Q: 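Take a look at this one; I'll ask things after.
Note that the structure is predicted; figures quoted are calculated from it, not measured.
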Amino acid sequence: MLVANAQTQPKVYTIASGQVKAHIEPTMYGIFFEDINLAADGGVYAELVKNRSFEFDSHLAGWQQQQKAGGKGGIEVVDRTNERPENAHTIKIDVSDNAGYFGLSNEGFRGMGIKKGETYSFSVTARKPVANAVSLLVELHSAKGLVIGTAIITPTSTDWKKYNVKFVATATEDKASLYVWLKGKGAVELDMISLFPQHTWKNRPAGLRADLVQKLADMKPGFLRFPGGCIVEGRDLANRYQWKKSIGDIDKRENLINRWNMEFKHRPAPDYYQTFGLGFMEYFMTAEDIGATPLPILNCGMACQYNTGQLVPLDQLDPYVQDALDLIEFANGGPDTKWGKLRADLGHPKPFNLKVLGVGNEQWGEQYIARWKIFTKAIKDKYPYVKIVSSVGPSPNGEEFTRLDKFFRAEHADILDEHYYQAPKWFLDNATRYDNYDRKGPKIFAGEYAAQSVAIASPDNKNNWDCALAEAAFMTGLERNADVVSMASYAPLFAHVDGWQWTPDLIWFDNLRSYGTPNYYVQQLFSLNKGTDVVPLLKDGEMVTGQDGCYATASIDKSTKELIIKFVNSGATAQPVVFKIDGVSAGKKTAVVTTLRSADKAAVNSFKAPKLVSPVASTLLVNGKTVKVTVEPYTFKVIRLKLN
Ligand code: AHR
């Protein structure tokens, strides 16, 4: 007689689909956006010209003087600080004779991504010091120097005026550059030299890269946290993010050095600045577009504690607090309020329905507590309905974490922002992290997390399946505890393959393409299949939190009347499993199964194989109340089944 191998014996799980354990907030799985790794300038913000307004510290960074066929002239940087302190520099090009070509070229953000047949919109602000007949010949050059697009603009005025021209590119090129030649004899002053694809997200002029925002929309995120991250804090206070400077006329948004510019000596990016073309108005609108709750995080009077840790004295905190109050009015106020009117004037009369706001990013210490108290009192006094996200520091445990956690619990704080950049094993071991949290205490926002394959922020970290699978296992623990955890987001979000500072990241892109990592698909599967309420999924009366390498959670979706099972097999052995489900009808039906797996834990997605690890859909015939399935090694499965 054959004795069945223990591993082939199915494990039996019970699911009581009628016993709601916890409500899952619609905000549960969201997005953390930060301008790191060229995520905004050079990434989502579709501007192709780097240093368009000559405000980098080195005013001609990204630009190169060009001449051919005997063209002669000069380029001078003009300082107009007194007139326009927020956009203080322009250039003057002077051509001394009609022969040849003289001008300058822009290298873009690690090149410019240009698509054949796509319409491009070139614009420039110009004035002629004296009337003359010069015109601007605009050309797109391929990396090999071929002209792949061309247009002409003739400035007409001796006053500053914006000029636009559209043209179609004749070839696809990921490392193109832009040339601006001055034709004719004479001088012209230029500023805001800009090039955008006409096709952007929702085809908004001077908008966002459609493929990248689509990747976010495809996650159906519950919230969008912006603008970061440490970028909120700045390396010093002067370098902090100020939302009021990020709205309104594009040429009045004061540029600022990006705090990630030289953070990592091994990944220097001295040409990384913020134009704020993706500013608070664009963040709010993008959140609205993709159905996500907006979650702005504001500086609380502290610069990054990993850098200078500069502090605003408590008696000088008012302007910072006022920024927070004004932001709420900007987002929610009526047209009869100062900031609500500004929002309406900027094209959005409807409020953005801001309900949650972060005070500080990744802060810690008594200094944070002191500033948090002032902010919280002011915000709650005026807007008691706004929930405040509070930082419990950069680590998921330790002295600082414990101190802040204790303080905020005593204060009955709304939401605590926990961060964990840890090894994959930590994620597997911490699937039970929230099982014993106080159910009546503050909600938890797992605000930044990502499994690190080598070490925190190591340049050798990979977005491999090992990390993604560990995150999936951990996320079953977030979902089982949805009564405590109300929001979660992977971080960082985007990385340019030629311009990143930090890895791993959820979505990688170059100048033309993008791909989701295995981690992206884990996030997406959780988000698309979150359901509305958690129900018990037990084995031998216990929750499934890593026994035999298996992790699981079950929820129901009240609107679609479905049961959703999420099951992670983190082990090397296939797991035959049986789910015995209370609450489904007898008879035959079909379950929809989505499988995300790789036999190779080191597997990564790439431009060559962007979907190497990506979800595969199948169906499963189910008879009665019993679902039988084999979960392959190193696999994350989602099963959806109609309830009675
Ligand atoms: O996600 C990258 C950085 O990690 C964030 O800016 C910061 O909050 C954390 O330290």
Side-chain angles (χ1 to χ4, degrees), residues 34-66 74-93 103-113 122-126 160 162 175-180 188-196 206 227-228 230-231 234-242 245-246 248-265 267-279 307 496 498-501 511:
E34 175 165 26
D35 190 5
I36 182 173
N37 306 316
L38 304 196
D41 287 286
V44 169
Y45 183 49
E47 172 65 89
L48 293 166
V49 177
K50 183 169 72 183
N51 191 18
R52 64 184 171 193
S53 59
F54 309 100
E55 297 308 316
F56 284 19
D57 287 346
S58 168
H59 300 301
L60 286 174
W63 295 95
Q64 241 192 327
Q65 183 176 305
Q66 299 288 349
I75 298 174
E76 183 195 333
V77 175
V78 180
D79 189 327
R80 56 169 180 183
T81 308
N82 291 339
E83 197 189 324
R84 294 282 308 274
E86 82 295 346
N87 180 358
H89 301 92
T90 65
I91 55 162
K92 184 174 165 198
I93 313 184
L104 74 175
S105 65
N106 188 275
E107 66 193 25
F109 299 89
R110 315 297 188 271
M112 294 178 184
F122 174 88
S123 65
V124 61
T125 312
W160 283 109
K162 187 171 175 184
K175 298 281 180 198
S177 49
L178 176 77
Y179 280 64
V180 179
V188 68
E189 258 188 83
L190 305 176
D191 192 35
M192 297 298 288
I193 304 180
S194 168
L195 184 71
F196 276 90
C230 292
I231 207 149
R235 291 173 68 87
D236 56 22
L237 285 168
N239 185 225
R240 74 191 189 278
Y241 197 105
Q242 299 185 56
K245 293 187 175 184
S246 79
D249 291 347
I250 197 72
D251 70 328
K252 297 202 175 100
R253 300 185 195 178
E254 189 179 328
N255 287 200
L256 189 64
I257 201 159
N258 187 302
R259 58 96 64 241
W260 295 107
N261 170 300
M262 294 300 281
E263 179 77 20
F264 297 115
K265 300 280 173 290
R267 298 286 305 173
D271 58 345
Y272 198 3
Y273 281 67
Q274 300 175 83
T275 61
F276 300 105
L278 171 56
N307 302 133
H496 189 300
D498 298 328
W500 57 273
Q501 294 81 48
N511 290 336

Q: Counting only N and O atoms by type, is there a donor-acceptor contact under 3.5 Å from the side chain of Arg253 to the main-chain atoms of Thr275?
A: no
Q: What heavy-atom pair brings Ala269 and Gln501 nearest, and what distance separates the two atoms?
A: CB-NE2, 3.8 Å
Q: With a 4.0 Å cut-off on N to O distance, would you call Asp251 and Lys162 a salt bridge?
A: no
Q: Indicate the ring-plane relationship of Tyr273 and Phe56, choosing parallel, tilted or perpendicular according to the 30° and 60° boundaries.
A: parallel
Q: Which residues satisfy the ring pair (Phe, Tyr, Trp, His ring centres under 6.0 Å) test with Phe276, sequence neighbours excluded?
A: Tyr241
Q: Out of curiosity, Ser53 OG to Lys252 NZ, how far, rounded to the nearest 0.5 Å?
A: 13.5 Å
Q: Measuring only between side-chain heavy atoms, which start at C-beta, is Leu178 closer than 4.5 Å to Ile193?
A: yes
Q: Can any side-chain N or O of Glu55 pair as donor or acceptor with the backbone N or O of Ala88 at less than 3.5 Å?
A: yes
Q: Under 4.5 Å between any side-chain heavy atoms of Asp249 and Glu86, yes or no?
A: no
Q: With side chain to side chain contact (heavy atoms under 4.5 Å, CB included) as the test, pick out the partner of Ile91 among Leu60, Asp191, Val188.
A: Leu60
Q: Salt bridge check, Arg235 against Glu263: does any charged N sit closer than 4.0 Å to a carboxylate O?
A: yes
Q: Using modelled atom types and a 3.5 Å cut-off, is there a donor and acceptor pairing between side-chain atoms of Asn261 and backbone atoms of Pro270?
A: yes
Q: Can you tell me if Asn511 uses its side chain to pair, donor with acceptor, with the backbone of Arg110 under 3.5 Å?
A: yes
Q: Is Asn51 reaching over with its side chain to a backbone N or O of Val49, donor-acceptor style, under 3.5 angstrom?
A: no
Q: Give the minimum heavy-atom separation between Ile75 and Gln65, together with the two atoms involved.
A: CD1-CG, 3.9 Å
Q: Roughly how far, to the nearest 0.5 Å, is CG of Leu190 from CD1 of Ile93?
A: 4.5 Å
Q: Taking the side chain as every heavy atom from C-beta outward, state whether Gln242 and Leu256 have any atom pair closer than 4.5 Å.
A: no
Q: Please check this pair: side chain of Glu47 against backbone of Leu195, looking for a donor-acceptor N/O pair closer than 3.5 Å.
A: yes
Q: Taking the six-membered ring for Trp, are Tyr272 and Phe109 ring centroids under 6.0 Å apart?
A: no
Q: Looking at every heavy atom in both Asp35 and Trp260, which two are closest together, and how far apart are they?
A: O-CD1, 3.5 Å
Q: Checking side-chain polar atoms at under 3.5 Å, does Asn258 have a donor or acceptor matched by the opposite partner on Asp41?
A: no
Q: Considering only heavy atoms from C-beta outward, does the side chain of Asn106 approach that of Met112 to under 4.5 Å?
A: yes
